Number of protein chains: 2
Amino acid sequence: MSRNDYLGAFEQIVLLALVRLRNNAYGVTIRREIAERAGRDVSIGAIYTTLERMERKGLVTSFRGEPTPERGGRGKRYYAIAAPGVAALNRSRDVIDRMWDGLGAPVEA
Amino acid sequence: MSRNDYLGAFEQIVLLALVRLRNNAYGVTIRREIAERAGRDVSIGAIYTTLERMERKGLVTSFRGEPTPERGGRGKRYYAIAAPGVAALNRSRDVIDRMWDGLGAPVEA
DNA sequence: GCTGATATCTTCTACATTGTAGTTTTGCTG
DNA sequence: CAGCAAAACTACAATGTAGAAGATATCAGC
């Protein structure tokens, strides 16, 4: 089975959000990034679940940050993409690129 | 819920195979196209199941072809992408493009 | 011209993985 | 302690995937 080889559509999006956010990727910012970039309003729960699964697979890592001196706030959990995650991301991109190759995007037929 | 709005990763691949194969898309050729293009060896059952679900959602249409005078051969079932499928495909591409925008592909971090 | 061997395809069934929302819990700080 | 910010938990729906079973042809050989 494709254990780790291929990413789901949403996994790709979340992973890309991590890359974009660099060292400021945690639940809330990830969600915002996806909303702004992809125009896709996803629940926070969806994000954490996906992140957790990817961590179990070794695609991302996480560490707990110090609580900031803002009003409320539990310590944030920061996420970062790991090497296997980068590889999987590139692979996925590659596959879809090859499938699109030659067809004008947007396609019309 | 995203009913019809967003495609799964595999759905995209299958849909793109349909576009490529034009009027010669049926189980076996679709499978071959995916193997050659995407380098991904997927079972024939996986393809039919996905196709059937997408048909139920109105993303593809199908019709049964005349049996050809080749050796064996049950009548083929040809598939074609429908307008909503085209739209969904373009939408998916758009989202992933926006997420990748600015990051060099392949990404390195 | 039957009949079985065999090729090409599709259907059916079952289960694993992903996608997604909503609710609850945990820790702050004023 | 009231209230905010963020994370963890729970549950279920949709997708991904394989493999076995069923259909329907053609071809040999008798």
Side-chain angles (χ1 to χ4, degrees), chain A residues 1-15 17 21 24-32 34-35 38 40-57 59-60 62-79 85 88 92 95, chain B residues 1-15 17 24-32 34-35 38 40-57 59-60 62-79 88 92 95:
Chain A
M1 224 151 297
S2 73
R3 171 151 273 84
N4 208 328
D5 276 3
Y6 295 106
L7 300 169
F10 189 55
E11 289 179 321
Q12 287 177 56
I13 291 177
V14 172
L15 243 27
L21 293 164
N24 191 35
Y26 62 96
V28 175
T29 53
I30 294 170
R31 182 184 187 199
R32 186 167 46 224
I34 292 175
R40 194 161 160 182
D41 240 318
V42 77
S43 85
I44 191 72
I47 291 174
Y48 281 117
T49 309
T50 298
L51 243 14
E52 195 182 303
R53 287 172 187 159
M54 290 200 289
E55 180 162 35
R56 219 178 299 134
K57 292 194 284 180
L59 300 175
V60 308
S62 75
F63 65 95
R64 185 163 311 277
E66 301 295 307
T68 51
E70 284 165 36
R71 175 56 198 279
R74 177 179 186 167
K76 300 182 180 66
R77 180 166 183 178
Y78 290 97
Y79 286 89
S92 294
V95 165
Chain B
M1 223 152 301
S2 72
R3 173 152 270 84
N4 206 327
D5 277 3
Y6 296 106
L7 299 169
F10 188 56
E11 289 180 319
Q12 286 177 56
I13 291 177
V14 172
L15 243 26
N24 190 35
Y26 63 96
V28 175
T29 53
I30 293 171
R31 183 184 185 197
R32 185 165 48 223
I34 292 175
R40 194 163 160 182
D41 241 317
V42 76
S43 85
I44 191 71
I47 291 175
Y48 281 115
T49 307
T50 298
L51 243 15
E52 195 181 302
R53 286 172 187 161
M54 291 199 288
E55 181 162 34
R56 219 179 298 134
K57 292 194 283 177
L59 300 175
V60 308
S62 75
F63 65 94
R64 182 163 311 277
E66 302 294 307
T68 52
E70 283 163 37
R71 175 55 197 278
R74 178 179 185 167
K76 299 181 179 67
R77 181 167 183 175
Y78 289 97
Y79 285 89
S92 294
V95 165

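Because the structure is a prediction, the values reported are computed rather than measured. Quick note on labels: first sequence line is chain A, next is B, and so on, each numbered from 1.
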* Would A/Ile13 and A/Val42 satisfy side chain to side chain contact (heavy atoms under 4.5 Å, CB included), going step by step from the backbone distance to the final call? -> CA-CA 11 Å; A/Ile13 291 177; A/Val42 77; over 6 Å; no
* To do: Can you sort out the partners of B/Arg77 under side chain to side chain donor-acceptor pair (under 3.5 Å), two or more places apart, ordered by chain and number?
  =>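 Applying side chain to side chain donor-acceptor pair (under 3.5 Å) to B/Arg77 gives B/Glu55, B/Ser62, B/Tyr79.
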* Partners meeting side chain to side chain donor-acceptor pair (under 3.5 Å) with A/Ser43 (sequence neighbours left out) ->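 Side chain to side chain donor-acceptor pair (under 3.5 Å) list for A/Ser43, sorted by chain: empty.
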* To do: Report yes if at least one side-chain N or O of B/Arg53 is closer than 4.0 Å to OP1 or OP2 of D/dG16; otherwise report no.
  =>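 Indeed not, no polar side-chain atom of B/Arg53 lies that close.
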* Asked: Is there a side-chain polar atom (N or O) of B/Arg32 under 4.0 Å from OP1 or OP2 of C/dT8?
  ->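 Indeed not, no polar side-chain atom of B/Arg32 lies that close.
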[X] has an atom [atom1]; how far is it from atom [atom2] of [N], in whole Å?
X	N	atom1	atom2	result
B/Ile13	C/dT18	CD1	C1'	15 Å
B/Asp5	D/dT15	CG	P	11 Å
A/Leu51	C/dA21	CG	P	15 Å
B/Arg31	C/dC9	CZ	P	12 Å
B/Lys57	D/dG16	NZ	C1'	12 Å
A/Lys76	C/dT29	NZ	C1'	13 Å
B/Tyr26	D/dT24	OH	P	18 Å
B/Leu7	C/dT18	CG	C1'	15 Å

* To do: Map A/Thr50 and B/Ile44 onto DNA chain C by nearest heavy atom, then report which one ends up closer to the 5' terminus.
  =>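 Per heavy-atom nearest nucleotide, the more 5' residue is B/Ile44.
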* **Toward the 5' end of DNA chain C, by each residue's nearest nucleotide, B/Glu52 or A/Phe10** =>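 Going by which nucleotide is closer to the 5' end, it is B/Glu52.
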Among [options], which nucleotide has an atom closest to any side-chain atom of [X]?
X	options	value
B/Ala9	C/dT20, D/dG16, C/dC9	D/dG16
B/Arg64	C/dT11, D/dA6, D/dA8	C/dT11
B/Glu11	D/dT15, D/dA6, C/dT20	D/dT15
A/Arg77	D/dA8, D/dT17, C/dA21	D/dA8
B/Val42	C/dA21, D/dA6, D/dA18	D/dA18
B/Ser43	D/dA18, C/dT20, C/dT18	D/dA18
A/Arg40	C/dG19, D/dA18, D/dA6	C/dG19

* To do: Indicate, with a heavy-atom threshold strictly under 4.0 Å, whether B/Gly8 touches base, sugar-phosphate, or nothing.
  =>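 B/Gly8: backbone/sugar contact only, no base atoms under 4.0 Å.
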* Have a look at B/Gly45 and say if it touches a base, only the backbone sugar-phosphate, or nothing, with a 4.0 Å heavy-atom cut-off. =>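 Contact class for B/Gly45: base.
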Separation of [Y] [atom2] from [X] [atom1] (nearest 0.5 Å):
X	Y	atom1	atom2	result
A/Leu51	A/Arg56	CG	CZ	11.5 Å
A/Leu21	A/Arg32	CG	CZ	8.5 Å
A/Thr29	A/Asn24	OG1	CG	5.0 Å

